[in-house]
Structure formats: structure tokens, C-alpha cells
A.B. asks: 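Structure incoming, see below.
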Amino acid sequence: MGGYDFAYIGKPLILTGALKKGAVKRLKDTLEFWVNVTRQDALKINSEAYQLIIRTRLMHSYARLKIKEKTEHWDDQNWGEPINHWDMIATYTGFSLVFMQGLKKLGIIISAEEETGLFHLWKYIGYLLGIPAHFLPENRQQAVEQFYWWSTIQAEGDEDSAQLAKALLQENLENTIYKYAFQRQMLKNLHQSMNWFLLDEEINMRLKIPKPVKPFSVFPKIVVNSNKITQKIYLRNTSQYQKLVEMGNEQQKKVLADYIEHTPKDFHY
């Protein structure tokens, strides 16, 4: 959600018409990509995850051509090329640097070894997606520097950004994983509370994300305390750590399976 506050990087989603088609399919695709590429030994040649990366690379190439071909409204001077290398680096910094920052705020302890491994993983994924390897950050310091300089050429969130944020929140109500409307509304309220916890107030205001209502406003604190308790139980030794990894793996795969089942099969871009 926070990525939408950078106005220029979201323009391809606007100009390809992805906004009008809703966030359900986009969220499913992103989740499918993330779950598959982050599993153990996932990136062997021609594996499912490897094929997802190559498919995404081809989709980026096609989008670059079609955006420039079909629209007269692309602003090269401010936005650069559609889905350019620097925007791609910023996106995948979101999967590493920003991802870990959010986890830490939620009470998750990340070791130096895990941090190094995560940057290495996303550098390789970025390379497979077509970003020259020497552009990609290898550690926190490089990632912070890259992200800072990239942010200096980005405008703050605009009306398009707010529309993308609204569509992402609306996904909670459109998704049929939960059967009843009140369940979907509760999920939306929970996600709003998490946005207000993880993002600065001015970002939430620019993206027009409604303030959380009680009792949902306390949800992030519950998550933080739960994470701290869970880690005290499971981070005592290597075998317990591995059990936590396995639990997380199963939970993430279950969420993905639900999204795949409940995303309409005839929903194409």
C-alpha cells in the first residue's frame, strides 16, 4: 500500500487499465509470485518459480511497448520509461528492505544472516527479471541509499494513487474467500488499522485511507504482542526455529491456495 504514495511508479497500472479491473487478480498474481520464489530451492532452472519470473519479465516487456504505443499521455521527462530499471529496483527493494522494516515494526526479530540472505535472494530475482546485477543492492546500506535517491525523483501520492489505494482496500469486499459480507468488512477494517500502524499519518491521508475504528485500532498491538510471544517459544534452538519456518510455509501456501480458488478463472488482462 505504501508504494502507491510514490505517484509516478503507479502510472503503468493506471494506463494499462489494471485499476478498472480491480485488485483481486493483481493481489493473487503478486501473492503467487512471492510465495513461489521464496520457497526452499525454488529457483532451480525451469522450476515453477523460475517460469513465473520469466513470464513476469516478458509481461514487463510487453507492457513497456504497449503503454508507449497506445497512449499519448506518458510523461517521459518525469516518469522515465514504463517499468524502468530504477522503478523495478525500488519495487524489489520493497520486497527486501521495506518488507523487513515492516516486520521489525510488527515485533519480528531478523538476524544478520537472514537479512543478508534476503538481499541476496532478491538480487538474484531482480537479475532474472532483467535488471543488470551491478545496479542491485546487496545489503541494507546500499538499499537505503538506492531507495533514498529514487524517492527524490518521485512525486507524492496523487489522485491516481488514492484510486489505487481504494481499489486495494476494496479487494477485501470483492474477494469471496470469506463467505459473508460482515466477515469481509471486518477484514477491510483490520487492513485499514494495519495501514495506519505501518505507514505515516500523512501517507494515509494522501492515499485517503479511512482511520481505523474501535476495536480494530488495537489489532496491530495484538499482532506485535503475539509475534513476540511466538518467537520466545520457537526461537530457543535450531529445531524449534525450523518448526516455525514450516508453520509459516504452510500458512502462506494455504492463503495462496484460497486466492487461486477464489479468483475467477476467466479474469484475464
Side-chain angles (χ1 to χ4, degrees), residues 1-14 18-19 23 26-27 30-31 34 75 78-80 83-84 86-110 114-115 118-119 122 126 137 139-173 185-228 231:
M1 180 67 85
Y4 291 152
D5 191 48
F6 300 103
Y8 300 157
I9 197 172
K11 296 305 180 186
L13 285 174
I14 300 296
L19 175 60
R26 284 191 283 117
L27 198 56
T30 302
L31 182 63
W34 182 83
D75 184 353
N78 286 313
W79 305 345
I83 319 178
N84 61 70
W86 212 0
D87 285 354
M88 290 176 69
I89 293 170
T91 299
Y92 294 102
T93 300
F95 284 109
S96 54
L97 176 71
V98 180
F99 175 71
M100 286 189 285
Q101 187 65 24
L103 289 179
K104 288 178 180 179
K105 195 167 184 179
L106 290 170
I108 299 294
I109 299 169
I110 300 173
E114 289 171 325
E115 181 176 299
L118 194 62
F119 278 116
W122 284 102
N139 53 51
R140 172 174 292 273
Q141 180 176 343
Q142 291 178 8
V144 169
E145 290 173 356
Q146 282 259 23
F147 196 70
Y148 170 78
W149 287 115
W150 173 83
S151 68
T152 64
I153 64 168
Q154 290 285 316
E156 293 179 344
D158 56 15
E159 188 57 36
D160 285 340
S161 304
Q163 288 298 312
L164 286 167
K166 181 180 179 181
L168 188 56
L169 282 177
Q170 194 67 19
E171 185 272 341
N172 293 281
L173 305 181
Q185 184 60 52
M186 285 180 62
L187 189 62
K188 181 182 178 183
N189 289 334
L190 292 175
H191 284 160
Q192 285 176 189
S193 72
M194 292 300 287
N195 280 310
W196 275 86
F197 177 73
L198 292 169
L199 302 175
D200 293 340
E201 181 177 359
E202 58 265 30
I203 295 176
N204 282 288
M205 296 296 287
R206 278 195 295 269
L207 296 179
K208 300 180 181 179
I209 300 173
K211 288 187 176 182
V213 296
K214 294 182 179 180
F216 299 101
S217 57
V218 301
F219 177 67
K221 293 181 180 179
I222 295 173
V223 173
V224 171
N225 290 330
S226 176
N227 286 336
K228 289 179 178 178
Q231 288 172 110

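Just so you know, these numbers come straight off a predicted model, no measurement behind them. Counting begins at 1 with the first residue of the sequence.
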A.B. asks: Donor-acceptor pair, D5 side chain versus G157 backbone, under 3.5 Å?
C.D. replies: yes
A.B. asks: Among K188, H191, Q192, whose side chain to side chain donor-acceptor pair (under 3.5 Å) with N172 holds?
C.D. replies: H191
A.B. asks: When rounded to the nearest 0.5 angstrom, what is the spacing between OH in Y8 and CG in N84?
C.D. replies: 13.0 Å
A.B. asks: When you measure from the side chain of T30 to the backbone N and O of L27, does any donor-acceptor pair fall under 3.5 Å?
C.D. replies: no
A.B. asks: With a 6.0 Å cut-off (strictly less than), is the heavy-atom count around NZ of K104, excluding the residue itself, greater than 12?
C.D. replies: yes
A.B. asks: Quick one: does N139's side chain have a donor or acceptor within less than 3.5 Å of a partner on Q141's backbone?
C.D. replies: yes
A.B. asks: Show the nearest heavy-atom pair for residues A143 and F119, with the distance to one decimal.
C.D. replies: CB-CE2, 3.6 Å
A.B. asks: Please state whether the rings of F6 and F147 are parallel, tilted or perpendicular, taking 30° and 60° as the class boundaries.
C.D. replies: perpendicular
A.B. asks: Do N189 and Q185 come close enough that some side-chain heavy atom pair is under 4.5 Å?
C.D. replies: yes
A.B. asks: If I take atom CD from residue Q101 and atom CD1 from residue I108, how far apart are they, to the nearest 0.5 angstrom?
C.D. replies: 13.5 Å
A.B. asks: With heavy-atom distances below 4.5 Å as the criterion, would you say the side chains of Y4 and L13 are in contact?
C.D. replies: yes
A.B. asks: If you look at every heavy atom in G2 and L199, which pair is closest and at what distance?
C.D. replies: CA-CD2, 3.7 Å
A.B. asks: Could you tell me which residues satisfy side-chain hydrogen bond (donor to acceptor under 3.5 Å, both in side chains) with Q170, sequence neighbours excluded, listed by chain and number?
C.D. replies: none
A.B. asks: Can you give me the closest heavy-atom contact between Q154 and D87, atom names plus distance?
C.D. replies: NE2-OD1, 3.7 Å
A.B. asks: To check you understand the geometry: which heavy-atom pair defines the closest contact between K105 and L198, and what is its length?
C.D. replies: NZ-O, 4.0 Å
A.B. asks: Tell me if a side-chain donor or acceptor on S226 pairs with a main-chain N or O of V223 at a distance below 3.5 Å.
C.D. replies: no
A.B. asks: I'd like to know if K166 and E159 make a salt bridge, using a cut-off of under 4.0 Å between side-chain N and carboxylate O.
C.D. replies: no
A.B. asks: Would you sort out whether I153 and W86 count as a side-chain contact (heavy atoms from CB on, under 4.5 Å), showing the intermediate values?
C.D. replies: CA-CA 11 Å; I153 64 168; W86 212 0; 3.6 Å; yes
A.B. asks: Drop me the distance from N204's CG to F197's CZ, to the nearest 0.5 angstrom.
C.D. replies: 12.5 Å
A.B. asks: Is the number of heavy atoms from other residues, nucleotides or ligands within 6.0 Å of NZ (K221) greater than 12?
C.D. replies: no
A.B. asks: A side-chain contact here means heavy atoms from C-beta on lying under 4.5 Å apart; do T93 and W150 qualify?
C.D. replies: no
A.B. asks: Evaluate the side-chain proximity of M194 to L106: yes if any heavy-atom separation is below 4.5 Å, no if none is.
C.D. replies: yes
A.B. asks: How long is the straight-line distance from CD of Q142 back to CG of L97, given to the nearest 0.5 Å?
C.D. replies: 12.0 Å
A.B. asks: Rounded to the nearest 0.5 Å, what's the gap from CE on M100 to CG on L118? Could you check?
C.D. replies: 5.0 Å
A.B. asks: Could you state the interatomic distance from CD1 (I9) to OG (S161), rounded to the nearest 0.5 Å?
C.D. replies: 10.5 Å
A.B. asks: Distance-only, no hydrogens or angles: does the W196 side chain make a donor-acceptor pair with backbone N or O of S217 under 3.5 Å?
C.D. replies: no
A.B. asks: Would a distance-only check, ignoring hydrogens and angles, find a side-chain to backbone donor-acceptor pair under 3.5 Å from Q231 to N227?
C.D. replies: yes
A.B. asks: With a 4.5 Å heavy-atom cut-off, do N195 and I203 have their side chains touching?
C.D. replies: no
A.B. asks: Checking K11 side chain against D160 main chain: does a donor-acceptor pair fall under 3.5 Å?
C.D. replies: no
A.B. asks: Measure across D158 and A7 and return the closest heavy-atom pair with its distance rounded to 0.1 Å.
C.D. replies: OD2-CB, 3.7 Å
A.B. asks: Locate the shortest heavy-atom distance separating I89 from P137; write the atom from each residue and the value.
C.D. replies: CG2-CD, 4.1 Å
